[in-house]
Amino acid sequence: MTSPGLDEALTAFAARRPLLVATDYDGVLAPLRDDPSAAVPQPGVAEVLSRLAAADGVTVALISGRGLDDLRRTSGLQGAFRWIGSHGAEFDGPLAGADAGRRDELAGVLRPLVEGTPGARLEVKPASVAVHVRQVADRVLAAGLLEQAREAVDPSLTLKPGKDVLEVAVTDAHKGAAVQRLVGELDVAAALYLGDDVTDEDAFRVLGPDDLTVKVGEGETVARHRVPGPEAVVGFLGALADQLG
């Protein structure tokens with residue numbers, strides 16, 4: 001399922017400097033798991049990211065919907081990376097001045113809905129609350145819960161639908177804005193972004209024709225290239241590291 005022309009695009013990308021190599025975590029560097037705490041990196045991820053980060057003129061960034069502390073703890077990754085959590089609301093550090101009261105109020109609205117649906121799970125993050133339905137056996141019930149959650153929340157909040165999840169954020173941060181900020185700060189010649197979910201489409205959209213956008217897995221996308229899953233991501237990033245020397 002790797003898209004035609006990806007090898008050529010990778011070679012052209014590797015020839016430029018400076019570069020930003022940015023990636024989502026879940027579903028890209030780690031296989032998706034019903035239990036998010038079990039989503040450890042695909043074998044080889046730590047090594048290849050370290051190789052990329054050590055290359056001259058290359059910045060590696062992890063951009064996730066997870067909170068920063070959760071991302072660092074679950075991934076176990078260490079290195080000279082840029083760490084972006086909560087869809088960009090936590091940029092290189094914890095959320096400053098988070099509206100914790102608004103987030104907790106939101107959790108109070110959604111919790112009764114989730115508790116009434118077997119298999120559903122509520123996740124409270126630093127800047128958002130997420131309703132997960134991946135483990136709800138009745139798919140009609142799962143879809144109904146996500147719709148109930150959508151209708152129950154303040155319409156001024158930011159909705160971030162994903163794979164079997166509806167995340168409701170108390171900020172308007174998104175991965176596209178995070179990528180744009182990194183590109184501007186680093187003044188890169190080109191950027192690479194890998195993502196698998198609906199929220200990654202914001203990052204794909206902000207990048208231009210000289211950049212490299214790669215969708216991981218199936219589904220509609222505006223990314224120009226595609227690889228099948230996290231195992232292929234390791235091979236793809238390894239090929240990039242080889243070309244970067």
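We use all heavy atoms of the structure for the numbers below, so side chains are in, but hydrogens, waters and symmetry mates are not.
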[X] atom [atom1]: more than 12 heavy-atom contacts under 6.0 Å:
X      : atom1 : result
Asp35  : CG    : yes
Glu105 : CD    : no
Glu147 : CD    : yes
Glu185 : CD    : yes

(message) Does the structure place the NZ or CZ of Arg66 under 6.0 Å from the centre of the six-membered ring of Tyr25, at an angle of no more than 45° from the ring's axis?
(response) no

So [Y] and [X], do their side chains get closer than 4.5 Å, heavy atoms only?
X      : Y      : value
Thr59  : Val21  : no
Asp164 : Arg139 : yes
Glu218 : Pro228 : no
Leu240 : Leu192 : yes
Thr117 : Leu113 : no
Pro161 : Arg150 : yes
Val124 : Arg103 : yes

Whether the side chain of [X] engages the backbone of [Y] through a donor-acceptor N/O pair (distance < 3.5 Å, no angle test) should be reported.
X      : Y      : answer
Thr158 : Thr171 : yes
Arg224 : Asp211 : yes
Asp138 : Leu141 : yes

Linking I/L/V/M/F/W/Y whenever their side-chain heavy atoms sit closer than 4.5 Å, directly or via other members, would [X] and [Y] fall into one cluster?
X      : Y      : value
Val136 : Val165 : no
Val179 : Leu52  : no
Leu145 : Leu106 : yes

(message) Just to verify, what does Phe236 make a ring-ring contact (aromatic ring centres under 6.0 Å, His included) with, not counting sequence neighbours?
(response) none

(request) Let me see the working for Asp70 and Lys125 under salt bridge (charged side-chain N to carboxylate O under 4.0 Å, His left out), right down to the final yes or no. (result) CA-CA 9 Å; Asp70 181 21; Lys125 302 183 182 184; over 6 Å; no

(request) Mind listing the closest non-hydrogen atom pair of Val40 and Ala30 along with its distance? (result) O-CB, 3.2 Å

(request) Check whether the side chains of Thr199 and Asp197 place a donor and an acceptor atom closer than 3.5 Å, and report yes or no. (result) no

(request) Let me know which of Lys175, Lys160, Glu167 forms a side chain to side chain donor-acceptor pair (under 3.5 Å) with His87. (result) Glu167

(request) Kindly determine whether Asp210 and Arg16 satisfy salt bridge (charged side-chain N to carboxylate O under 4.0 Å, His left out), including the steps that lead there. (result) CA-CA 10 Å; Asp210 293 331; Arg16 310 187 71 184; 3.8 Å; yes

(request) Mind running salt bridge (charged side-chain N to carboxylate O under 4.0 Å, His left out) on Asp200 and Lys215 for me, showing each step along the way? (result) CA-CA 9 Å; Asp200 297 304; Lys215 165 78 170 182; over 6 Å; no

